Amino acid sequence: MCRFQLIWTHLCELLVSVSSSSPTTREKEFSVFSTFSYAMSIRSQAMCGSADREVLDDTTLGEIRVTMLSEKVTSNSHGQDSSYFLGWEEYEKNPYDEIKNPNGIIQMGLAENQLSFDLLESWLAQNAEPAALKKDGISIFKELALFQDYHGLPSFKNALVQFMSEIRGNKVTFDSNKLVLTAGATSANETLMFCLADPGDAFLLPTPYYPGFDRDLKWRTGAKIVPIQCWSSNGFRITESAIEDAYDEARRKNLRVKGVLVTNPSNPLGTTLTRQELNLLIRFIDAKGIHLISDEIYSGTVFDSPGFVSVMEVLTERNYVNSDVWDRVHIVYSLSKDLGLPGFRVGAIYSNDELVVSAATKMSSFGLVSSQTQYLLSALLSDKKFTKKYVAKNQKRLKKRHDMLVKGLRDAGIKCLESNASLFCWVDMRHLLSSNTLQAEIELWKKIVYQVGLNISPGSSCHCTEPGWFRICFANMAEDTLKLAMRRVKMFIDSTVADNASDHSPKHYLSKNAKRKGFTKWVFRLSFNDRQRER
Ligand SMILES: Cc1ncc(COP(=O)(O)O)c(C=O)c1O
């Protein structure tokens, strides 16, 4: 096939996809237009006798490349341009360091748990064999290097399900045959979407929700998210009317609702679901005949009462075992938060539905957990004495940090939603907004990033529709850094109050070099993209 024919065929395919899709996307229209122009230019060259032999300049090559790439690649539906990720980019350009960059931005937008590495490291020091890939003094390097069964190492899966039970106070037991290993919860959530939803099908998610879900659930799968609107007036709890409204909204948009996805404990609220909410969710998915995904990635971080109740516990108590509903409830887990190991990429799907387990296992070939990681962690998690001590100490440390953040903010006149879990607080800064709008929220956020030097996550990046809420992380830094962050907040609030009494000119709480050169460009990008994409 000559290049003209190739491009022409591509154009015909595009036209078919445009005519069959509703509503037509701008990217598709652009793609059709540019492919058509390019095809015509080649055709005219062919008529002049130079077809397919001309030397293409860089611009033309760039255009062809864009035209010939998939829509997924050329559209911006991955969600990476939200303020959540842009804040990280700003932090990367000017990261705080006690010695080298004391005026830098402190990263408080990253839900990382760095509080208990000493415990993991001392276990490693006392248990050198698994890290050295040895068993009873003999190297098993070759065995592990060759291992490629996508069902995973049985010893690791057994240790992981027992750890999951332990975190739930051994009130529920898990069967390792129903567990699928994945490269983190990111992969687990996406895999579940591939198993449960066709492109265009919808999942209902309570707001505010983890910004990464826009990428993890929708980008590659084509699934949609319809928000269940929750409000501060009842502490962002899920209510029957909110969930029914979301369902009706999806139906109005002609979307087939395949399920509900919740995070328990919640990211970004830091709260656990109540039994009442869990019962409501179970009743709802039962009545509608749909799925429930419970992302329990923070289940081991619950540091205060009321304790963590897993949906599996409620299903067992209420005699749903082996029912239809039992098969439609799926749990997502990961060691990224509870053990603080996001770099190891260890996640899991737990499902009672054999078909889901079998399909997800096959799909897991695209994101397996390496065998040496499985080997090392099977030894660590099988050490029950260690895991018990680790979980208890880690939760105690998280509580201490949480309390420090809450107190530091309270001293500055800022309140947090009462929370009992996770690595962050959901912070109420509504009184600091210049108006009750999402634009004012982004304005305040920019001040906090550039003038106060803290990267935190605005509520709008978590799809919170009430302006003025922010997520602030407390477990990814040294205690002294958290104290410094609190001092910066206090200074900011005190001088804002003083400014209001005098003039309104912008102030800086850092030295001048903390102001960034690319500020204008970045702000333009942000205000243009933020909250506009997924209407
Ligand atoms: C609720 C939730 N699910 C999934 C993830 C992704 O976790 P992982 O690092 O295991 O892929 C995160 C990470 O922040 C999260 O908060």
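What you see is a predicted model; the values in this text were computed from it and never measured. As the structure lists them, so they are numbered: ligands from 1, and atoms in each ligand from 1.
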Check your understanding: Is the shortest heavy-atom distance from the side chain of Asp295 to the side chain of Tyr210 under 4.5 Å?
Key -> no

Check your understanding: Would you say the ring centroid of Tyr375 lies under 6.0 angstrom from that of Phe147?
Key -> no

Practice item. Just jot down the side-chain contact (heavy atoms from CB on, under 4.5 Å) partners of Lys400, sequence neighbours excluded, or say none. Key: Glu479

Could you tell me, for ligand 1, which of its N or O atoms are under 3.5 Å from any protein N or O, listing the pairs and their distances rounded to 0.1 Å?
residue, atom, partner, partner atom, Å
ligand 1, 3 (N), Asp295, OD2, 2.6
ligand 1, 9 (O), Ser336, OG, 2.9
ligand 1, 9 (O), Arg345, NH1, 3.1
ligand 1, 10 (O), Ala185, N, 2.8
ligand 1, 10 (O), Ser334, OG, 2.7
ligand 1, 10 (O), Ser336, OG, 2.8
ligand 1, 11 (O), Ala185, N, 3.2
ligand 1, 11 (O), Thr186, N, 2.9
ligand 1, 11 (O), Thr186, OG1, 2.5
ligand 1, 11 (O), Arg345, NH2, 2.8
ligand 1, 14 (O), Lys337, NZ, 2.8
ligand 1, 16 (O), Asn267, ND2, 2.7
ligand 1, 16 (O), Tyr298, OH, 2.8

Review point. How about Asn264 and Val311: do any of their side-chain heavy atoms sit closer than 4.5 Å?
Key: no

**Study point:** Ring center gap for Trp469 and Phe236 short of 6.0 angstrom
**Key:** yes

Check your understanding: At what distance, to the nearest 0.5 angstrom, does OG1 of Thr481 lie from OH of Tyr96?
Key -> 5.0 Å

